[in-house]
Amino acid sequence: MSARFLGVLNVPELPEVETIRNGLAKVLEGRRCKEVLVRRGDLRRPLPNKFAEKVKGRVFTRFCRRAKYLLLHLEDNKVVLVHLGMSGRMTLGGQSNPIQHDHVVFDFEGGVRLSFNDPRRFGLIDLFEANQVSRHPLIEALGPEPLGPNFDGRILTSILSGRRASIKALLLDQKVVAGLGNIYACESLFLARVSPRRSGASVAGVRAERLALAIREVLRAAIAAGGSSLRDYVQAHGELGYFQHKFKVYGRNGDACASGASDHVIRRLVQSSRSTFYCPRCQR
DNA sequence: AGACGTACCTGACCGC
DNA sequence: TGCGGTCAGGTACGTC
């Protein structure tokens with residue numbers, strides 16, 4: 001098995017984490033971890049004490065996700081929580097020498113190696129009891145899972161009610177909707193034809209319904225794209241080329257808007273010191 | 001409470 | 001070729 005990235009080229013948001021979860025589960029679910037090597041423990045937070053000793057020898061039983069968090073369940077009712085931050089990747093390969101920024105390396109039976117690689121070290125790894133997942137400080141305050149069965153315009157309206165900040169800033173708040181980052185927040189607002197400058201409270205009723213549907217559609221499409229390249233990857237055993245698909249507005253300042261209207265141009269603006277890309281004519 | 005600014009971190013990119 | 005400056009953004013935290 002040649003080393004290759006099971007990671008992302010841009011920032012990992014919900015769809016990327018879901019694709020990684022799926023890819024890892026296929027290879028690692030039910031496998032015993034034989035060895036853990038911590039090369040750098042000073043991530044966004046320090047690795048838990050004796051992390052390697054506690055994970056070594058355990059079977060990884062289930063691979064789950066909440067928002068942008070990976071939850072890797074162990075046989076002894078513990079959970080390894082992984083957040084990829086800005087630049088984190090999970091690479092899956094054989095046991096060649098670790099490369100730069102491979103901070104934690106897991107060797108599984110069968111000669112499979114999982115590496116947590118994160119140049120900026122904005123990511124983190126934690127370990128705790130499985131029955132504490134919903135009470136974990138990083139998980140507890142998260143907003144609704146946008147692909148969950150209860151996420152719709154009604155619930156979005158109630159979350160946004162009374163909020164005066166811009167809808168764009170609010171979509172980045174993980175307590176409002178869990179799992180969106182800058183890219184899919186922009187893409188969702190474009191698909192919903194909602195202006196990023198609107199106040200949260202003004203997104204209600206039909207408009208909130210449109211936005212909720214758009215968020216789900218954008219995330220589903222991205223996961224589907226990730227899944228299809230995952231199949232290519234499994235067949236080809238090469239490097240993953242996914243998440244290269246074109247975004248409709250993100251990073252496209254000055255481009256023609258996808259609506260096709262000749263006078264519609266994508267613009268960039270800065271909100272909460274983050275870039276927003278949108279079509280001022282389509283999005284109201 | 002919520003809105004905002006800043007820090008964390010490093011690779012990529014640009015201009016000189 | 002190299003060097004310094006700037007930008008990118010998820011999240012935590014401090015401040016008003």
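For clarity, every value in this text was computed on a predicted model and none was experimentally measured. We name chains A, B, ... by the order of the sequence lines, and we start the count at 1 in each one.
A sub-4.0 Å separation between OP1 or OP2 of B:dC9 and a side-chain N or O of A:His101 is absent. Phosphate contact (OP1/OP2 of B:dC4, side-chain N/O of A:Ser273, threshold under 4.0 Å): absent. Dashed line: the shortest gap from a side-chain N or O of A:Gln174 to OP1 or OP2 of C:dG10 is not under 4.0 Å. The phosphate of C:dA8 has neither OP1 nor OP2 within less than 4.0 Å of any side-chain N or O from A:Tyr250. Between A:Lys68 and the phosphate of C:dT11, there is a side-chain N or O to OP1/OP2 separation shorter than 4.0 Å.
Checked for salt-bridge contact, A:Lys248 and A:Glu187 miss the test: no charged N lies under 4.0 Å from a carboxylate O.
A donor atom on one side chain and an acceptor atom on the other are found under 3.5 Å apart for A:Ser275 and A:Arg268.
A stacking contact links A:Phe122 to B:dC8: the aromatic ring centre lies within less than 5.5 Å of the base's six-membered ring centre, and the planes differ by less than 30°.
Look at CD on A:Gln271: it is 12 Å from P on B:dG5, rounded to the nearest Å. For A:Ile139 and C:dA12, the CD1 to P distance is 10 Å, given to the nearest whole Å. In this structure, the CG atom of A:Leu269 is 17 Å from the C1' atom of C:dC7, given to the nearest Å. One can place CG of A:Asp126 at 12 Å from P of C:dA12, the figure rounded to the nearest angstrom. The CZ atom of A:Arg44 sits 5 Å away from the P atom of C:dA12 (whole-angstrom rounding). Across the protein-nucleic acid pair, A:Arg120 atom CZ and B:dG11 atom P stand 9 Å apart, rounded to whole Å. To the nearest angstrom, P of C:dT11 lies 12 Å from CZ of A:Arg45. Following rounding to the nearest Å, A:Glu187 (CD) and C:dG9 (C1') show an atom-to-atom distance of 16 Å.
Side-chain atoms of A:Val11 lie closest to C:dG9 of the nucleotides C:dG9, B:dA3, C:dA8. Side chain of A:His83, nearest nucleotide from B:dC4, C:dG10, C:dA8: C:dG10.
Closest-nucleotide positions on DNA chain B for A:Arg163 and A:Arg121 were compared, and the one nearer the 5' end corresponds to A:Arg163. A residue-by-residue look at A:Ser272 and A:Gln100 shows that A:Ser272 has its nearest nucleotide of DNA chain B further toward the 5' end.
Among the heavy atoms of the strands, none lies under 4.0 Å from A:Leu124.
At a threshold of 4.5 Å between side-chain heavy atoms, the hydrophobic network of Ile, Leu, Val, Met, Phe, Trp and Tyr places A:Phe116 and A:Leu74 in one connected group. Put simply, A:Phe151 and A:Leu14 are part of the same group of oily side chains (I, L, V, M, F, W, Y) that touch within less than 4.5 Å, one to the next.
Close placement of the A:Phe128 and A:His136 rings is indicated, their centers lying within 6.0 Å of each other.
For A:Arg274 against C:dG10, a side-chain N or O and a base N or O form a donor-acceptor pair under 3.5 Å.
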